[in-house]
Asks: 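Questions regarding the structure given below will be posed in turn.
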Protein chains: 2
Amino acid sequence: MDSGSHNSISPTEENYLKAIFKITAGAGLASTNAIAQEMETSPASVSDMIKRLSRKHLIDYEKWKGVSLTKEGRILAITLIRRHRLWEVFLVEKLHFAWDEVHEIAEQLEHIASEKLIERLDEFLGTPKFDPHGDPIPDAEGIFAKRKQVLLSELNALETGVIVGVHEHSTAFLQYLDRMDLVLGAVLKVQEIFEYDGSMRIELENKTSLVLSSKVSQHLFVQRQKP
Amino acid sequence: MDSGSHNSISPTEENYLKAIFKITAGAGLASTNAIAQEMETSPASVSDMIKRLSRKHLIDYEKWKGVSLTKEGRILAITLIRRHRLWEVFLVEKLHFAWDEVHEIAEQLEHIASEKLIERLDEFLGTPKFDPHGDPIPDAEGIFAKRKQVLLSELNALETGVIVGVHEHSTAFLQYLDRMDLVLGAVLKVQEIFEYDGSMRIELENKTSLVLSSKVSQHLFVQRQKP
DNA sequence: AATAATTTTTAGATTTGTCTAAAAGTTAGA
DNA sequence: TCTAACTTTTAGACAAATCTAAAAATTATT
Ligand SMILES: [Mn+2]
Ligand SMILES: [Mn+2]
Ligand SMILES: [Mn+2]
Ligand SMILES: [Mn+2]
């Protein structure tokens, strides 16, 4: 169950590990301030928590230097991400939640402690490789699926792509995409790119034509389609 | 969301409300000692918690007198029971857990706060009326399904009954029942009752004959079958 | 290099939930 | 009724997680 230290870990500690993983992208250093911002808490609280996580050997830490995850800490963080994304799949696929409604609930569900539960859930869902936002779901060994993807903004005129993920997870963005039928799996063709403001005109399969701001095209992941 | 008081309620507080509901069966008084036993904690801690719950108007309390749930506290307790039992159905029906494995996990899942989640789950499960142990699941208005049931020990010789629930939820008992094929829905006929120790011989549909101790027959709920 | 700005840590409080030990109140027995 | 047994409450401590304010260290600027 508790891979490594027999010390139990609280939901709060788990959230810190996830935050550090996110900041460091798995390896590298996270600053106190960056963690405080990610956790929406004060730097002083982060300093306290850093000591706790360090005592539990979940992070490496030297005063004034920033922190990095230990192997054990990284495994735990990836487990958390696996749980979070599997629950998101469950909420969307089985309970028919919209993709902008699931994050908050998964944020709670990810802390349910039962290895068997998550493996059964994975099986029940058909071992999905990506969550409803297109983010990869690490397998039981912690390996993330990889995929050739680029930002929509990197496509050139006349190129075709399939939407496979979002680079921003805000409710506002997700609801905007829904409204525009820019859902995962949608195929689009870039018609023209306006140098003036970086916006682009695209066409969907049903011939709908849309103009997307550069902010939108920079937050959508697509897979190039060779014609 | 928070029916009534805008004050948030912690998982611990929720567990206390469930304990008080269980002791009082919805109405009546619960003593400090009884709550301490149910919560597996000290009477001193219970005294502290009683003050907190009283301040939040979830229980009525006068020193030295014992506590009772307010309307709001009772609604919350029933909501918890609803969540717990719905999750147990999910774990058994969808994730194929055994009935003796689900309590601990449901004990965690019941604290996930999202009204929409539980209503969607209910729908997904087909609005079940009873959980895997035969306990009634209150509906969204807090109404428990009722059912004519008696303890197996109340049946007379030659009477027939269907197993509909258990009156004890220990792992040992549930696993014993599994081993004996005494599962929910099993039909049995009382063949004879031994006055010596109150044990009874029963026959299952597949003609298996078993002798059950009085301890077993006093912890199994059955529905009488008119022949 | 000296100073200013920023980042990080420490100090001291607070809330929640728990504990043990001791005091206070209630109930039951002789 | 008076004492014994019990239940319940209070007192005082502690760990987790947070906060604000202040001190210390680092980094950037002149
Ligand atoms: Mn999410
Ligand atoms: Mn996601
Ligand atoms: Mn249970
Ligand atoms: Mn149950």
Side-chain angles (χ1 to χ4, degrees), chain A residues 2 5-20 23-24 28-69 73 76-77 80 107-108 110-111 113, chain B residues 2 5-20 23-24 28-69 73 76-77 80 107-108 110-111 113:
Chain A
D2 239 10
S5 127
H6 56 81
N7 233 332
S8 82
I9 183 161
S10 72
T12 308
E13 290 170 327
E14 290 184 334
N15 286 334
Y16 271 92
L17 292 179
K18 264 206 323 175
I20 296 166
I23 292 164
T24 62
L29 294 177
S31 73
T32 301
N33 258 6
I35 299 169
Q37 200 173 343
E38 180 67 28
M39 293 294 298
E40 300 182 64
T41 189
S42 70
S45 301
V46 173
S47 274
D48 282 349
M49 181 56 84
I50 280 173
K51 281 174 212 149
R52 261 196 292 281
L53 294 174
S54 187
R55 234 185 298 121
K56 292 188 176 184
H57 305 106
L58 297 171
I59 60 178
D60 286 319
Y61 165 62
E62 263 182 281
K63 250 190 228 179
W64 309 104
K65 283 210 169 173
V67 304
S68 61
L69 293 170
L76 261 165
L80 263 285
E107 207 54 49
Q108 299 181 60
E110 69 189 5
H111 301 292
Chain B
D2 240 11
S5 128
H6 57 81
N7 233 332
S8 81
I9 182 160
S10 73
T12 309
E13 290 170 328
E14 290 185 334
N15 286 333
Y16 271 90
L17 291 179
K18 265 208 320 177
I20 295 167
I23 292 164
T24 62
L29 293 178
S31 73
T32 300
N33 258 7
I35 299 169
Q37 199 175 343
E38 180 68 28
M39 292 294 299
E40 299 182 62
T41 188
S42 70
S45 301
V46 173
S47 274
D48 283 348
M49 181 55 84
I50 280 173
K51 281 174 212 150
R52 262 197 290 282
L53 294 173
S54 187
R55 234 186 298 120
K56 293 187 175 185
H57 304 106
L58 298 171
I59 59 177
D60 286 319
Y61 165 62
E62 262 182 282
K63 248 191 228 177
W64 308 105
K65 285 211 169 172
V67 304
S68 61
L69 294 170
L76 262 165
L80 264 285
E107 207 54 49
Q108 299 180 60
E110 70 189 5
H111 301 291

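Naming convention: chains lettered A, B, ... in sequence-line order (proteins, then strands); numbering from 1 in each chain.
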Asks: Can you tell me which nucleotide in D:dA17, C:dT9, C:dT18 comes closest to the side chain of B:Thr41?
Replies: C:dT18
Asks: Whole angstrom is fine here: how far is it from CD in A:Glu13 over to C1' in D:dT18?
Replies: 14 Å
Asks: What nucleotide among D:dT20, C:dG17, D:dT18 has an atom nearest to a side-chain atom of A:Ala44?
Replies: D:dT20
Asks: Nearest to the A:Ser10 side chain among C:dT10, C:dT18, D:dA17, which nucleotide is it?
Replies: D:dA17
Asks: Select base, sugar-phosphate, or nothing to describe what A:Glu62 touches, counting heavy atoms under 4.0 Å on all strands.
Replies: nothing
Asks: Separation of B:Lys51 atom NZ from D:dA11 atom P, in whole Å?
Replies: 8 Å
Asks: Using whole Å, report how far CG of B:Asn15 lies from P of C:dT16.
Replies: 17 Å
Asks: Quick one: A:Trp64 CH2 to D:dA24 P, roughly how many Å, whole number?
Replies: 10 Å
Asks: What's B:Thr12 touching, base or sugar-phosphate or nothing? Going by heavy atoms closer than 4.0 Å.
Replies: sugar-phosphate
Asks: Considering heavy-atom distances to DNA chain C, does B:Asp48 or A:Lys65 have its closest nucleotide positioned more toward the 5' end?
Replies: A:Lys65
Asks: Taking side chain as C-beta onward, heavy atoms only, is B:Lys56 less than 4.5 Å from B:Glu13?
Replies: yes
Asks: Counting side-chain heavy atoms from C-beta on, which of C:dT8, D:dT18, D:dT8 comes nearest to B:Ser47?
Replies: D:dT8
Asks: Considering only side-chain heavy atoms of A:Ser42, which listed nucleotide, D:dT8, D:dT20, D:dT18, is closest?
Replies: D:dT20
Asks: Among D:dA17, D:dT9, C:dT18, which nucleotide sits nearest the side chain of B:Arg52?
Replies: C:dT18
Asks: Under a 4.5 Å cut-off applied to non-hydrogen side-chain atoms, are B:Leu58 and B:Arg52 in contact?
Replies: no
Asks: Just wondering, do A:Lys18 and A:Leu76 contact through their side chains at under 4.5 Å, heavy atoms?
Replies: no
Asks: Base, sugar-phosphate alone, or nothing: which one does A:Thr32 contact when heavy atoms must sit under 4.0 Å apart?
Replies: sugar-phosphate
Asks: With B:Tyr16 as reference, evaluate B:Thr41, B:Ile59, B:Val67 under the side-chain contact (heavy atoms from CB on, under 4.5 Å) test and give the passing residue.
Replies: B:Thr41
Asks: State whether A:Tyr16 places a side-chain N or O below 4.0 Å from either non-bridging phosphate oxygen (OP1 or OP2) of D:dT18.
Replies: yes
